[in-house]
Number of protein chains: 2
Amino acid sequence: MTEKDIQHIRDFNRFYTNIIGLVDNHILNSAYSLPEARVLYELFHHQPCTASTIMTSINMDKGYLSRVLKSFEKKGLLARKQSKEDGRASTLVLTAKGSKEFESINQASASQIKELLSRLSPGQIKEAIEHMGQLKEILSKASL
Amino acid sequence: MTEKDIQHIRDFNRFYTNIIGLVDNHILNSAYSLPEARVLYELFHHQPCTASTIMTSINMDKGYLSRVLKSFEKKGLLARKQSKEDGRASTLVLTAKGSKEFESINQASASQIKELLSRLSPGQIKEAIEHMGQLKEILSKASL
DNA sequence: ACTTTTAGTTGACAAAATCAACTATTTATG
DNA sequence: CATAAATAGTTGATTTTGTCAACTAAAAGT
């Protein structure tokens with residue numbers, strides 16, 4: 001691995017940080033903050049699960065997460081019940097309202113990506129997705 | 001662009017957000033915060049420049065930036081002099097110490113990337129970099 | 001000349017994130 | 001079994017990060 005390689009990688013990281021920033025900032029116009037949106041995403045995809053599951057999957061501080069979950073419960077997005085296997089934990093499930101909220105910001109996020117890519121041709125989009133897929137595949141072997 | 005396309009893109013975004021998070025968290029073990037490191041990077045590469053230049057290149061609030069610059073000056077990393085062309089602006093230049101600090105965190109960041117990729121073969125690394133390059137090229141046409 | 005922009009600073013504040021202390025369970029260990 | 005250690009989650013205090021608006025001063029536009 002040469003210095004130039006590293007330079008390229010860091011250059012891409014900076015570039016992609018900006019892209020992600022664009023997408024993220026758009027989400028911020030919704031009723032939910034970025035961390036909230038992330039938690040909502042994880043809840044939707046892992047439910048029923050515990051707070052620990054969420055915590056490790058997005059590497060969020062447990063105190064912080066606890067508050068986010070409390071706010072979700074207060075807004076009626078989330079239902080908790082005592083876990084039967086573990087008396088310390090609660091089982092988390094989104095309510096109908098919670099799922100609906102997730103779908104809503106998920107939809108908004110999708111259409112923002114559509115808009116971002118609207119200047120690309122179908123061929124370019126296909127190419128880009130292929131690069132993403134292969135990049136992910138390669139890098140998955142490296143992380144962890 | 002199909003729903004599946006969008007799904008892939010968002011999946012990659014989540015994946016890469018994690019990668020970047022890994023890299024960023026590592027930098028945070030230095031004496032500089034993430035925003036500080038970014039400003040230092042921009043200073044190093046754009047100097048001599050004005051605060052405005054930095055501001056637009058990393059999209060940072062001018063108030064926030066002003067404070068970061070002030071702290072850099074206080075630590076002796078940054079020298080300001082009145083711009084001759086524009087009486088409102090100052091020309092920013094890193095001091096020797098500032099450059100040294102930049103080199104130091106830059107070096108640390110590079111070796112962290114090396115470590116992250118240490119499990120990949122040279123061929124895989126080359127492939128990954130190629131995908132990055134092409135992805136960037138395609139997406140550059142889309143943003144803005 | 002005057003209005004409007006732009007560069008930068010500052011204060012007040014809000015949001016995001018971290019840390020440590022604490023309770024209550026569960027698991028491990030002698 | 002007893003009790004020590006680890007884990008799940010909550011809460012309070014605090015720090016870091018980021019935003020917003022008001023302000024000064026210089027520059028540019030009309």
Side-chain angles (χ1 to χ4, degrees), chain A residues 17-18 20-22 24-40 42-43 46-75 78-93, chain B residues 17-18 20-22 24-40 42-43 46-75 78-93:
Chain A
T17 296
N18 276 336
I20 289 170
L22 287 180
D24 284 354
N25 270 326
H26 197 262
I27 292 179
L28 282 175
N29 295 344
S30 80
Y32 299 93
S33 71
L34 205 61
E36 283 173 336
R38 271 196 288 228
V39 171
L40 204 47
E42 298 297 328
L43 278 173
H46 287 103
Q47 64 178 331
C49 67
T50 67
S52 287
T53 311
I54 308 289
M55 207 191 97
T56 55
S57 72
I58 51 177
N59 207 41
M60 181 181 258
D61 174 78
K62 60 184 177 175
Y64 192 12
L65 177 59
S66 174
R67 285 174 241 260
V68 170
L69 293 177
K70 192 158 74 174
S71 83
F72 281 1
E73 207 180 2
K74 197 174 165 190
K75 288 176 189 162
L78 178 68
R80 287 156 135 148
K81 51 181 172 183
Q82 270 285 358
S83 165
K84 289 184 179 174
E85 305 97 44
D86 190 333
R88 296 164 301 179
S90 330
T91 303
L92 308 173
V93 198
Chain B
T17 296
N18 275 336
I20 288 170
L22 287 181
D24 284 354
N25 270 327
H26 198 262
I27 291 177
L28 282 175
N29 294 344
S30 79
Y32 300 94
S33 72
L34 205 62
E36 283 173 336
R38 270 194 288 228
V39 172
L40 203 48
E42 298 298 327
L43 279 173
H46 287 101
Q47 64 179 332
C49 66
T50 67
S52 287
T53 311
I54 307 289
M55 206 191 97
T56 55
S57 73
I58 52 177
N59 206 41
M60 183 182 257
D61 175 78
K62 60 182 178 176
Y64 192 12
L65 177 58
S66 174
R67 284 173 243 259
V68 171
L69 293 177
K70 193 159 72 173
S71 84
F72 281 1
E73 207 179 3
K74 197 173 165 189
K75 289 177 189 161
L78 178 69
R80 288 156 135 146
K81 51 182 174 183
Q82 271 284 358
S83 165
K84 289 183 179 174
E85 304 96 44
D86 190 332
R88 298 164 299 180
S90 332
T91 302
L92 308 173
V93 198

Using five pairs at each end of the helix from C/dA1-D/dT30 to C/dG30-D/dC1 to define an axis, what is the angle between those two axes, to 10°?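 Here the local axes at opposite ends form an angle of 30°.
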
Round to a whole Å and report the spacing from [atom1] of [X] to [atom2] of [N].
{"X": "A/Glu36", "N": "C/dA16", "atom1": "CD", "atom2": "P", "value": "7 Å"}
{"X": "B/Leu34", "N": "D/dG18", "atom1": "CG", "atom2": "C1'", "value": "13 Å"}
{"X": "A/Asp61", "N": "D/dG12", "atom1": "CG", "atom2": "P", "value": "15 Å"}
{"X": "B/Leu65", "N": "D/dT16", "atom1": "CG", "atom2": "C1'", "value": "17 Å"}
{"X": "A/Met55", "N": "D/dT10", "atom1": "CE", "atom2": "C1'", "value": "13 Å"}
{"X": "B/Leu69", "N": "D/dT17", "atom1": "CG", "atom2": "P", "value": "15 Å"}
{"X": "B/Asn25", "N": "D/dT17", "atom1": "CG", "atom2": "C1'", "value": "15 Å"}
{"X": "B/Glu73", "N": "C/dG8", "atom1": "CD", "atom2": "C1'", "value": "13 Å"}

Contact class for B/Thr50 vs. all strands (heavy atom < 4.0 Å): base, sugar-phosphate, or nothing?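 Sugar-phosphate contact only.
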
Under 4.0 angstrom, heavy atoms only, what part of the nucleic acid is B/Asp86 near: base, sugar-phosphate, or nothing?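 Contact class for B/Asp86: sugar-phosphate only.
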
Ignoring backbone atoms, establish whether [X] has a side-chain N or O less than 4.0 Å from OP1 or OP2 of [N].
{"X": "B/Lys62", "N": "C/dT10", "result": "no"}
{"X": "B/Ser90", "N": "C/dA7", "result": "no"}
{"X": "A/Ser52", "N": "D/dG9", "result": "yes"}
{"X": "A/Lys70", "N": "D/dT11", "result": "yes"}

Can you sort out the partners of A/Ala79 under side chain to side chain contact (heavy atoms under 4.5 Å, CB included), two or more places apart, ordered by chain and number?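 If we apply the side chain to side chain contact (heavy atoms under 4.5 Å, CB included) test to A/Ala79, skipping adjacent residues, the hits are A/Thr95.
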
If you measure from CE on A/Met55 to CE on A/Met60, what distance do you get to the nearest 0.5 Å?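 Taking CE in A/Met55 and CE in A/Met60, the distance rounds to 11.0 Å.
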
Does any non-hydrogen side-chain atom of B/Leu65 lie less than 4.5 Å from one of B/Val39?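 When only atoms from C-beta onward are counted, B/Leu65 and B/Val39 do touch, with a gap below 4.5 Å.
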
Could you tell me whether the side chain of B/His46 reaches within less than 4.5 Å of the side chain of B/Ser57, counting heavy atoms only?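 In short, these two side chains touch, coming nearer than 4.5 Å.
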
Using only heavy-atom distances, decide whether a donor-acceptor pair under 3.5 angstrom links the side-chain of B/Arg67 to the base of C/dG11.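 Result: at least one qualifying N/O pair found.
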
Kindly indicate whether the side chain of A/Arg88 and the base of C/dT26 share any N or O donor-acceptor pair separated by less than 3.5 Å?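 It does not, because no donor-acceptor pair links the side chain of A/Arg88 to the base of C/dT26 below 3.5 Å.
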
Output yes when A/Arg67 and A/Glu36 qualify as a salt bridge under the 4.0 Å nitrogen-oxygen rule, no when they do not.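 Answer for the salt bridge query: no.
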
Looking at every non-hydrogen atom in both residues, tell me the closest pair between A/Asp86 and A/Gln82 and how far apart they are.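 Smallest interatomic distance, heavy atoms only, reads O-OE1, 4.3 Å.
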
Would a distance-only check, ignoring hydrogens and angles, find a side-chain to backbone donor-acceptor pair under 3.5 Å from A/Thr56 to A/Ser52?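 Yes: the side chain of A/Thr56 pairs with the backbone of A/Ser52.
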
